[in-house]
*Asks:* 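If you scroll down you'll find the structure; I have some questions about it.
Below, each value reflects all heavy atoms present in this structure, side chains not excepted, and no hydrogens, waters or symmetry copies.
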Amino acid sequence: MAMYIRVKRNKTTYFIQCDPTETILQLKEKLYNLIDQPVNDQRLVLMPAGDVLEDSKSLADQKVENDAVVALTLRKDDNEFEDVNVVKPNDFYQPRDSEGGANW
């Protein structure tokens, strides 16, 4: 049964087709083909809960459902991982003044 998940990092979203029985490691291998970052330097975090996904477990085992949002963080030079940085759509929202013009 195919499903899609959204893998987000900063302002980029990758739509990945996968199967609930695939492991997180298999998902990271798909990402490696897209972003050229070794699987050991990737960390996937299920949003909004913030749970770090384990490589050896399947998507189904970790309650990753169709159309789930997963944040991608990469290992930094100091061997630590980046903080999750996912831009939300409302971060781009610019309210208009009462006359319909922009506020800038």
Side-chain angles (χ1 to χ4, degrees):
M1 177 177 128
M3 63 185 232
Y4 289 89
I5 61 170
R6 290 180 278 172
V7 179
K8 296 184 169 230
R9 180 170 183 266
N10 299 328
K11 296 179 183 179
T12 304
T13 302
Y14 303 96
F15 291 88
I16 308 292
Q17 182 178 1
C18 49
D19 189 88
T21 60
E22 287 184 48
T23 64
I24 299 305
L25 184 59
Q26 290 171 309
L27 182 61
K28 288 180 176 182
E29 289 168 350
K30 289 181 180 184
L31 285 167
Y32 170 73
N33 292 324
L34 293 171
I35 64 172
D36 200 33
Q37 289 288 332
V39 294
N40 290 337
D41 290 345
Q42 301 174 34
R43 182 173 67 177
L44 297 174
V45 181
L46 183 60
M47 301 304 289
D51 298 328
V52 175
L53 299 175
E54 297 179 37
D55 287 354
S56 61
K57 292 186 178 179
S58 73
L59 293 165
D61 290 341
Q62 298 182 84
K63 309 285 190 268
V64 179
E65 298 178 354
N66 187 45
D67 203 32
V69 175
V70 176
L72 168 65
T73 62
L74 301 176
R75 191 179 306 274
K76 300 184 293 186
D77 292 336
D78 62 3
N79 216 27
E80 295 294 318
F81 282 97
E82 305 167 319
D83 292 330
V84 171
N85 182 11
V86 175
V87 177
K88 298 174 185 68
N90 59 354
D91 291 345
F92 298 108
Y93 177 69
Q94 298 263 344
R96 297 177 178 254
D97 64 20
S98 60
E99 295 175 14
N103 287 336
W104 40 281

*Asks:* Looking only at heavy atoms, what is the nearest atom pair of C18 and K30, with distance?
*Replies:*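 Looking at all heavy atoms of both residues, the closest pair is CA-NZ, 3.7 Å.
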
*Asks:* Answer whether the closest heavy-atom distance between the side chains of F81 and V52 falls below 4.5 Å.
*Replies:* no

*Asks:* Identify the two heavy atoms, one from A68 and one from V64, that lie closest to each other, and give their separation to 0.1 Å.
*Replies:*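 Closest approach of A68 to V64: CB-CG1, 3.9 Å.
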
*Asks:* Which one of I24, T23, L44, L27 satisfies the side-chain contact (heavy atoms from CB on, under 4.5 Å) criterion with D55?
*Replies:*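 It is I24, the one option of I24, T23, L44, L27 that forms the side-chain contact (heavy atoms from CB on, under 4.5 Å) with D55.
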
*Asks:* Are L31 and V39 grouped together when hydrophobic residues (ILVMFWY) are joined by side-chain heavy atoms under 4.5 angstrom apart?
*Replies:* no

*Asks:* Between CG of L72 and CG of L53, what distance do you get to the nearest 0.5 Å?
*Replies:* 11.0 Å

*Asks:* So, for Q17 and A2, which heavy atoms are closest and what is the spacing to 0.1 Å?
*Replies:* NE2-CB, 3.4 Å

*Asks:* Please identify which of these residues, K76, R75, R9, meets the salt bridge (charged side-chain N to carboxylate O under 4.0 Å, His left out) condition with E82.
*Replies:* R9

*Asks:* Would you call M3 and L59 a side-chain contact if the rule is heavy atoms closer than 4.5 Å?
*Replies:*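 A side-chain contact exists here, since the closest heavy-atom pair is under 4.5 Å.
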
*Asks:* Tell me whether D77 at atom CG has more than 12 heavy atoms from other residues, nucleotides or ligands lying less than 6.0 Å away.
*Replies:* no

*Asks:* Between Q62 (side chain only) and E54 (backbone N and O only), is there a donor and an acceptor less than 3.5 Å apart?
*Replies:* yes

*Asks:* For N10, check side chain to side chain contact (heavy atoms under 4.5 Å, CB included) against everything at least two apart and list the hits.
*Replies:* N85

*Asks:* So if I apply the side chain to side chain donor-acceptor pair (under 3.5 Å) rule between T73 and each of E80, Q42, R43, which one comes out positive?
*Replies:* R43

*Asks:* Would you say Y4 ends up clustered with V70 if hydrophobic residues are merged whenever their side chains have heavy atoms under 4.5 Å apart, either directly or through other cluster members?
*Replies:* no

*Asks:* Tell me whether L34 shares a hydrophobic cluster with L25, the cluster being built from Ile, Leu, Val, Met, Phe, Trp, Tyr side chains joined at under 4.5 Å.
*Replies:*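 No, L34 does not connect to L25 through the hydrophobic network.
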
*Asks:* If you draw a 6.0 Å radius around OH in Y32, do more than 12 non-hydrogen atoms from other residues or ligands fall strictly inside?
*Replies:* no

*Asks:* Spell out, as yes or no, whether a donor-acceptor pair under 3.5 Å connects the side chain of K28 to the backbone of D41.
*Replies:* no

*Asks:* Take atom CG of N33 as the centre, draw a 6.0 Å sphere, and report whether it contains more than 12 heavy atoms from other residues, nucleotides or ligands.
*Replies:*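 Atom CG in N33 is packed in, count exceeds 12.
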
*Asks:* To the nearest 0.5 Å, what is the distance between CE (M47) and CZ (R6)?
*Replies:* 12.0 Å

